[in-house]
Amino acid sequence: MRFDVMTLFPEMIEAYCGFSILKRAVEAGVISVNTVNPRDYTLNKHKKVDDTPYGGGAGMVLMPQPYVDAYESIEKCENSVTVMLSPQGEQLTDGVVNELANYSQIVLMCGHYEGFDERIREIIKPREISLGDFVLTGGELPALCLMDAVSRKVEGTLGKIESADEDSFSNGLIEYPHYTKPREFRGLEVPEVLLNGNHKDIAEFRLQKSLERTKAKRPDLYEKYMKENG
């Protein structure tokens, strides 16, 4: 999996990818991360990439020339998708993450200020994705969230691919509770079923706890799951 991130702040992307699971995945060659700064492609002598909006209004708008030129500089493979991080986009869900994990390359476009000149959308025609119905200062945080989520689905990123298979939402439910040592802490004990070594009982216990948690915390997901699974 290759990520090409168009960003005015490449240090933000590079710093996050220098830690934990993503760092190990990069070092192992499972994923690669490349940053492209549109400021390096602007024809403006002052390296500007934004300007005031036509028609008036607050804020600045990202100009088409540096972004389109930066995008066209990126070598695309055959199995590639371009994603614009935007509050106008579809919400990033586990289903969307699974779709994106089937690509070999994801080009990520991070916006800032009042957003992109509309002609950037019209020329590049990206898939637009949002973290939710709120606005952030820039697209770097959503891009990193997407990269982290997708990378977990790429074989070799996690120690065991089953770790991703059991995450919340992977089967439509919130994940069951986890326990580790010690067996007792401040009067709270690990459920006995997790200690008896009976894998069938453990699986049934975990499913039941997932159902209980989902019903309590995400009744919308619970109803959907019950409709689909009886």
Side-chain angles (χ1 to χ4, degrees), residues 1-23 25-26 31-38 49-50 58-62 67 70-71 74 80-103 105-118 120-121 124-154 157-158 163-175 213-214 217-222 224-225:
M1 171 65 73
R2 172 179 165 178
F3 296 100
D4 290 277
V5 188
M6 294 175 56
T7 171
L8 298 177
F9 302 98
E11 300 85 359
M12 292 179 66
I13 304 297
E14 292 160 2
Y16 185 83
C17 294
F19 293 92
S20 190
I21 289 172
L22 283 186
K23 179 184 179 182
V26 169
I31 67 170
S32 63
V33 181
N34 175 51
T35 57
V36 180
N37 192 337
V49 295
D50 62 322
M60 306 289 276
V61 176
L62 296 170
Y67 275 83
Y71 176 77
I74 299 170
S80 174
V81 63
T82 299
V83 172
M84 175 184 285
L85 287 312
S86 165
Q88 301 178 27
E90 62 185 304
Q91 190 165 346
L92 184 65
T93 64
D94 192 65
V96 172
V97 168
N98 284 327
E99 287 179 43
L100 294 175
N102 290 317
Y103 288 94
Q105 177 188 31
I106 302 176
V107 180
L108 296 164
M109 302 176 64
C110 303
H112 269 273
Y113 316 122
E114 289 303 305
F116 295 96
D117 183 296
E118 188 62 22
I120 297 173
R121 284 185 172 87
I124 296 176
K125 295 179 175 57
R127 179 174 182 174
E128 296 189 49
I129 292 178
S130 168
L131 291 189
D133 294 339
F134 54 91
V135 177
L136 295 171
T137 302
E140 284 75 19
L141 286 176
L144 287 169
C145 289
L146 184 150
M147 291 167 63
D148 194 307
V150 171
S151 295
R152 293 175 63 83
K153 306 288 187 177
V154 178
T157 298
L158 301 177
S163 296
D165 293 339
E166 295 177 358
D167 283 344
S168 289
F169 311 116
S170 59
N171 65 349
L173 298 172
I174 290 176
E175 194 173 8
R213 281 196 164 184
T214 306
K217 296 182 178 182
R218 290 292 302 273
D220 57 322
L221 293 179
Y222 176 80
K224 181 181 179 184
Y225 180 87

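Sequential numbering from 1 along the given sequence is applied to the chain's residues.
- Remark: Phe134 CZ is packed, more than 12 non-hydrogen atoms of other residues, nucleotides or ligands lying under 6.0 Å away.
- The OG1 atom of Thr82 sits 3.0 Å away from the OH atom of Tyr71 when rounded to the nearest 0.5 Å.
- Identified under the salt bridge (Lys or Arg N to Asp or Glu O under 4.0 Å) test for residues 2-19, with sequence neighbours left out: Arg2-Asp4.
- Of all heavy-atom pairs spanning Tyr67 and Leu8, the tightest one is OH-CG, 3.5 Å.
- Of all the heavy atoms in Glu114 and Ala58, the pair that sits closest is CG-O, 3.3 Å.
- Ser86 places none of its side-chain heavy atoms less than 4.5 Å from the side chain of Phe116.
- Under the 4.5 Å side-chain criterion, counting only non-hydrogen atoms from C-beta, Val83 is not in contact with Tyr103.
- Between Met84 and Ile124 there is no side-chain heavy-atom pair separated by less than 4.5 Å.
- Note that CD1 of Ile74 and CE of Met109 are 8.5 Å apart. Values are rounded to the nearest 0.5 Å.
- Pairs engaging residues 81-92 under the salt bridge (Lys or Arg N to Asp or Glu O under 4.0 Å) rule: Glu90-Arg127 [sequence neighbours left out].
- Proximity of Val81 to Glu99: side-chain heavy atoms (C-beta onward) are nowhere separated by under 4.5 Å.
- Residues Val154 and Met1 approach most closely at CG2-CB, 4.1 Å, considering heavy atoms.
- Minimum interatomic distance between Gln105 and Ser80 (heavy atoms only, all atoms of both residues): OE1-OG, 3.0 Å.
- In this structure, NZ on Lys153 lies 11.0 Å from CG on Leu100, to the nearest 0.5 angstrom.
- Here the straight-line distance linking atom OG1 of Thr214 with atom CD1 of Ile174 works out to 4.5 Å at 0.5 Å rounding.
- Nearest heavy-atom pair, Ser151 versus Thr157, reported as atom, atom and distance to 0.1 Å: O-OG1, 2.7 Å.
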Pair up each side-chain donor or acceptor in residues 140-150 with any protein partner under 3.5 Å, not counting sequence neighbours, and list the distances.
| unit_1 | atom_1 | unit_2 | atom_2 | d |
| --- | --- | --- | --- | --- |
| Glu140 | OE1 | His112 | NE2 | 2.8 |
| Glu140 | OE2 | Thr7 | OG1 | 2.5 |
| Glu140 | OE2 | His112 | NE2 | 3.3 |
| Asp148 | OD2 | Tyr16 | OH | 2.6 |

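- Taken from OG1 in Thr137 to CZ in Phe9, the straight-line distance is 9.5 Å, to the nearest 0.5 Å.
- Within the 4.5 Å cutoff, the side chain of Leu173 has no heavy atoms near those of the Leu221 side chain.
- Gly18 approaches Lys23 most closely through the heavy-atom pair O-CD, 3.1 Å.
- In Asp133, the CG atom is not crowded: 12 or fewer heavy atoms of neighbouring residues, nucleotides or ligands sit closer than 6.0 Å.
- Tyr225 contributes atom OH, which lies 6.0 Å from atom CG of Asn171 (distance to the nearest 0.5 angstrom).
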